[in-house]
Every structure is written in structure tokens, then in C-alpha cells.
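Predicted model, so just to flag it, every value in this text is computed and none were measured. Side chains included, hydrogens not; waters and symmetry mates left out as well; all remaining heavy atoms used. The chains referred to below are lettered A, B, ... by the order of the sequence lines, with proteins before strands, and numbering in each begins at 1.
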There are 2 protein chains.
Amino acid sequence: MAARRWREVADDLLKRIGDGDFPRDKDGGRRKLPPESELQSHYETSRNTIREALDFLANRGHVVSEQGKGTFIVFRPEPVHVTLSATELGVGPGGGEGQWYKRDAAVQNREPTSSVPRVEIQVVSEQLAWYLQVEPATQVVSRHQQIYLDDEPWSLQTSYYPLDFALKGGASKLLEAHDIPEGAVKYLGKTLGYKEVGYHDEIRARAPDDNEKRFFALGDSAADVVFETTRTAYGVEGKAFRLTVTVWPADRNRLHYNVGEVPTRVMKAPSRRSSRRSPNGDEGT
Amino acid sequence: MAARRWREVADDLLKRIGDGDFPRDKDGGRRKLPPESELQSHYETSRNTIREALDFLANRGHVVSEQGKGTFIVFRPEPVHVTLSATELGVGPGGGEGQWYKRDAAVQNREPTSSVPRVEIQVVSEQLAWYLQVEPATQVVSRHQQIYLDDEPWSLQTSYYPLDFALKGGASKLLEAHDIPEGAVKYLGKTLGYKEVGYHDEIRARAPDDNEKRFFALGDSAADVVFETTRTAYGVEGKAFRLTVTVWPADRNRLHYNVGEVPTRVMKAPSRRSSRRSPNGDEGT
DNA sequence: TGGGATTTGTTCGTATGTATG
DNA sequence: ACATACATACGAACAAATCCC
């Protein structure tokens, strides 16, 4: 034995998935694999071997099994292209020219909506303190929102402001659990005289935590990855006045930055369909 | 039965990993878990249940099992912070000030080296053609390199140039399997008169393919993720003249962008140690 | 509404293969 | 050649969620 029979089964199933075998569950439902018992007889192997093949495909993000229901083929939507450098600051010809961007992130032909902010007072972590240029034990206002794109979960966003902005500075709206209609940056400019002259972004990619899994409907597969972007906004004299952490599922998002002069067609509609091919083929051993 | 015994075992093992139980294999080697047979008697369960717990930890990227050797705790190195906006173009106070940046990516206190380029003539994919502004069937020069940081595998990089640059334009060095000492962009400026006035970056995060797994020593776990950045360089009149695809493991890299005026201390040494805490805790159901 | 059938999840037992030292 | 240790494979039983009549 021991000739990796489970891998043969998995590879064959993957081929059949690609070929479009396996019909939809009900009308319009997800595509569904035959039950394990049927696969067992089809491949003439034990149920455990079938399950190893299915586990493998599940870890790769191709299928998902649900107790009592069956094993389903995972549908991955077309990615959304998000431009993170399209703010008013953007130098170059594209800066400030039209309505096709929002403040922090620009998408095309989609409608972002957001939940009511959940406002909390927190003590900053070490990392946030460093970015915000405050003492390690300082209190900050955190404003957390769930962002939807065309009513689908799209990102989780938390902004942090020094608590003094609201208490001593007069920017009391920061403590209210409402959207700030004119935008928080503009509001801080009005009340505190802050003017954003630059920002710094840090980008991570990692596996989602349990909250993120729930909100984005992600699983444990290697394809279930999130971006975590941390943006620090700076005013004159290098004063940090806002920090925003945003989490977005990597399978349905691509991030974009434009620096200097970039053709407007690229700025406005970055990237075509992603023709899947490995860019770095090192065939040699 | 069926009370998720394997999960209890996995959670306990994870706690013990965090507590620093489990000694090193040999002196200075990796930390090693006891063999499955020992865990089996320790937890008073079957070997299969132990294996399910270990499979779970392996999928999460905490351990790796090797046939004939044992099961080892995975060591994740401190991440490297890479600044992708620190080129000569970079406006703001940090632009062009010192030696702390290289052309496309800046890192601190580390020594990047690269392999001899592997040069190929290829027909562009649909996506590359769109970015490079060439016809779908055009031939391009691809120059592929493996980049090391302090002699550790760090990134895989492939640059594409229209073949005409080398054939009709006189930039024949593009076809030679040597490094271009002065840098490809400067070389194209000298020979073809190209001047980079801007660039566009697209960022993906995904599971590594087999080549990338081999080069970076990655596995199948959900923690084994790579960034794929696609940079298109533009000259005057929006002419694209280079496209570079770079792949880097996400567990040991953080990407950074600076836009506008950013304090130099942030530009030079972005981010402190990543105090692990979820930024978006939605404790509610 | 209920209850049986379906289907995946969990756990155990056992045997053998394969890589390492 | 032998012991150790993980990998693969088969068989079996029961649990838990869902489906369907």
C-alpha cells in the first residue's frame, strides 16, 4: 500500500471540479460533490482515504464540508481593486480630479456602506503608541466599523485618536457613536486645526482570527487570508493624529498604489482579469 | 465519543508550546514534540486522535511533522520591514537623501544579494500585456532573479521589458544573463531616453505555489502566505516601460508606503515589534 | 410535527510502508 | 540490520447535523 492513493483521488477530484462535473445542489445552489459513500465505491477505496483527499482539498480552499449536508465546491468571487493612494494628497495628474475615489480607499462601480461605529476608550498597545507618538499608557478613542460593499462584508476598520482630542481639544464628535458625515479628517481640521500632509501605510498578510472568520465567512484553508493595513496620518511638523487599522479578505481584494505620474486609465481601472499563471517558474530543482 | 477530544489535545499542546515546554532536538536544534506514541499514552487516547490534533496544529502553522524524525515547533523569524515607496521619485523630505534605500525596496541593516538573472523571451499574458500597453501576442524579455537577504531566501523577482527595447532600441544588455550594475531603469534612461516619472503597484496575497514553497521553505499551512507585488514603471506621456513581479513570504515581510510628508523616523525605521493583539475585536455575536 | 434516512464528524483498532539514525 | 517515528490505508462503530417524507 502506501502509494498516496488519497492524493490520486484528490487530484482526480480537482480535475473534475475544473471540468465542471458535479451539479448544483438545488436549483442555483452551490455545486456539490457526491457523498463520501459514493466516492468510496467510485474510487474503490476506504472512506478514510476519501476523507483524506477531501481534507486536502479543503485545506487548499477548493471545497468545504458541512456536517449533515455534504461537501461543496468553494466559489471565489472576482476580486475588487482598491486604490489606497487615491486621496486628496495624491500628487500627480490624477489628484483631486473627480468623484471616482473616496477618502481612504477607492473602488469602481461599487457602493460602500458602513455600520454604526462602536466607540471605545482604550489604552494603547505598544505598537499603536509608537505610531501615534504617545506615551505607552495613554488612552485613545477607538472607533470600529464594519464596511460593506454592495451589502457584502468587505472590511473591518478601527481608527484610533488620542483621547485628548475629544476631551481637551473640543473634537467631541469622536466620542459619539455616529458617523462623522464630513469625514473625521476634515472634522479634526475644523476643530483642532489639523491638516493632513502625509501618511504612512504598513501592510501585513495573515490568517484571519475568529472574529474575522465569522464576519467575512472565511475558513481555515490556506486560501483564507486577510490583509491588515495600518495607516498613520500626519499633520504639519510630523504630528500623528490618526491611526486606522483595516482588515480585508485577500481572496476578494487587490491593493493598489500610484506614485508619481501614472496614466489615468491605470489609476481609474487598475488591472484586468487575473489570468492565473505563476510569474516565477523555477522549473529546475 | 465525538466530543472533539482531538481539539482538547491540540489546545493543550498549543499551550505547552507557548509555555516553552518541549526541549530542543539536539543542542541548538529545533524544539521537538514527543513522538506520537508518547503523546498517545500521555493523553490516554488513540494514535489517530493524536494525529488529528497534530494535523490541526500543522495546518495552523505551529508545528511541522517530518517522517522518520519527529514533529517540530515552527520558528517564525522577526519580520523585515520593506518600504516600497522609497525611490528617487519619492516626494517629501526623505526623498533622495541617503543610502538607506535601494531602488525598489528599502530595508534596514540588511544586505540584499541576488542570483544571476535567468533571461527568457516570452509571449506576454493578457494581464501583463494590459499593464505594459502592448499587443496580446507581443514578445517580452523576462529577467528572473532570486533575492537573498543576509543569505536567506527573501524574494523572487521577475521583470518584463518589451523585446523591441533590446532588438530595435539598442538596450541589448537586457538580453544578457548578468546583473545590470547601474540598474535597469538608469540603463534604459541612458540607452533609450526613458525617464521614470511614476509607477503603479498592485498587491495580492495568496498561497505559495510549488516553486515558491521550495525556495522559501514554506508548507501548506494557513500561515504560509506570500505577497505578490506587481510594479509597472511609467515614463513621460504615460508610456509603460517595465513591469516587475515580486513574490515575498508574508510571515517574514511587512510592506510600507509613505505618501506626502512623513516623519523621517517613521520612514527610516517603520514599526516596532508587533505586539500581537487583534485590532478588530467583535466580541458580540 | 415527528421520525427515519442521509451525510459528515469523531474515535478507536490494526497493519504495513517509508524515511531516519 | 535494527529500532524509531511518521505516513498511508483499511475496517468499524457511533455522534451530530441535516434532510425529507
*Asks:* Could you work out which one of D:dC10, C:dC12, C:dG9 sits closest to the side chain of A:Ser65?
*Replies:*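 Nearest to the side chain of A:Ser65 among the choices is C:dG9.
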*Asks:* Sequence neighbours left out, what passes side-chain hydrogen bond (donor to acceptor under 3.5 Å, both in side chains) with B:Asp151? Give chain and number order.
*Replies:*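 Listed in chain order: nothing, the list is empty.
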*Asks:* Pairing check on D:dA1: which nucleotide meets the Watson-Crick or G-U wobble criteria with it, both distances under 3.5 Å?
*Replies:*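 No nucleotide pairs with D:dA1.
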*Asks:* A:Glu176 and A:Val119: which non-hydrogen atoms are nearest, and at how many Å?
*Replies:*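 Distance-wise, the nearest heavy atoms are O-CG2, 3.6 Å.
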*Asks:* Determine, step by step, whether A:Arg254 and B:Glu228 satisfy the salt bridge (Lys or Arg N to Asp or Glu O under 4.0 Å) criterion, reporting the C-alpha distance in whole Å, the side-chain angles of both residues, the deciding distance to 0.1 Å, and the verdict.
*Replies:* CA-CA 10 Å; A:Arg254 303 280 181 272; B:Glu228 178 186 307; over 6 Å; no
*Asks:* Whole-Å distance between C:dT7 P and A:Asp25 CG?
*Replies:*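 That distance rounds to 11 Å.
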*Asks:* Is it the case that D:dA7 (base atoms only) and B:Arg47 (side chain only) share a donor and an acceptor within less than 3.5 Å, ignoring hydrogens and angles?
*Replies:*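 When only heavy-atom distances are counted, B:Arg47 does reach the base of D:dA7 through a donor-acceptor pair under 3.5 Å.
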*Asks:* Residues of residues 48-60 of chain A with any non-hydrogen atom less than 4.0 angstrom from an atom of DNA chain C: list those, numerically ordered, please.
*Replies:*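 Contacting residues: A:Arg51.
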*Asks:* Atom CG in A:Leu14, atom CZ in A:Phe56: separation rounded to 0.5 Å?
*Replies:*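 The CG atom of A:Leu14 sits 8.0 Å away from the CZ atom of A:Phe56.
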*Asks:* Under the side-chain hydrogen bond (donor to acceptor under 3.5 Å, both in side chains) definition, can you give me all pairs with a residue in residues 53-63 of chain A, not counting sequence neighbours?
*Replies:*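 Checked against side-chain hydrogen bond (donor to acceptor under 3.5 Å, both in side chains) - neighbours excluded - the pairs reaching residues 53-63 of chain A are A:Asn59-B:Asn59.
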*Asks:* So that I know where these two stand, are A:Phe72 and A:Phe22 an aromatic pair - ring centroids less than 6.0 Å apart?
*Replies:*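 Ring centroids of A:Phe72 and A:Phe22 are no less than 6.0 Å from each other.
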*Asks:* Taking the minimum atom-to-atom distance to the side chain of B:Arg4, which one of D:dT18, D:dA7, C:dT10 wins?
*Replies:*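 It is C:dT10.
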*Asks:* Report yes or no: is there a donor-acceptor pair, N or O only, under 3.5 Å between the side chain of B:Gln67 and the base of C:dG17?
*Replies:*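 Side chain to base: pair present.
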*Asks:* Can you measure B:Glu66 atom CD to D:dA5 atom C1' for me and round it to whole angstrom units?
*Replies:*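 Those two atoms, CD and C1', are 12 Å apart.
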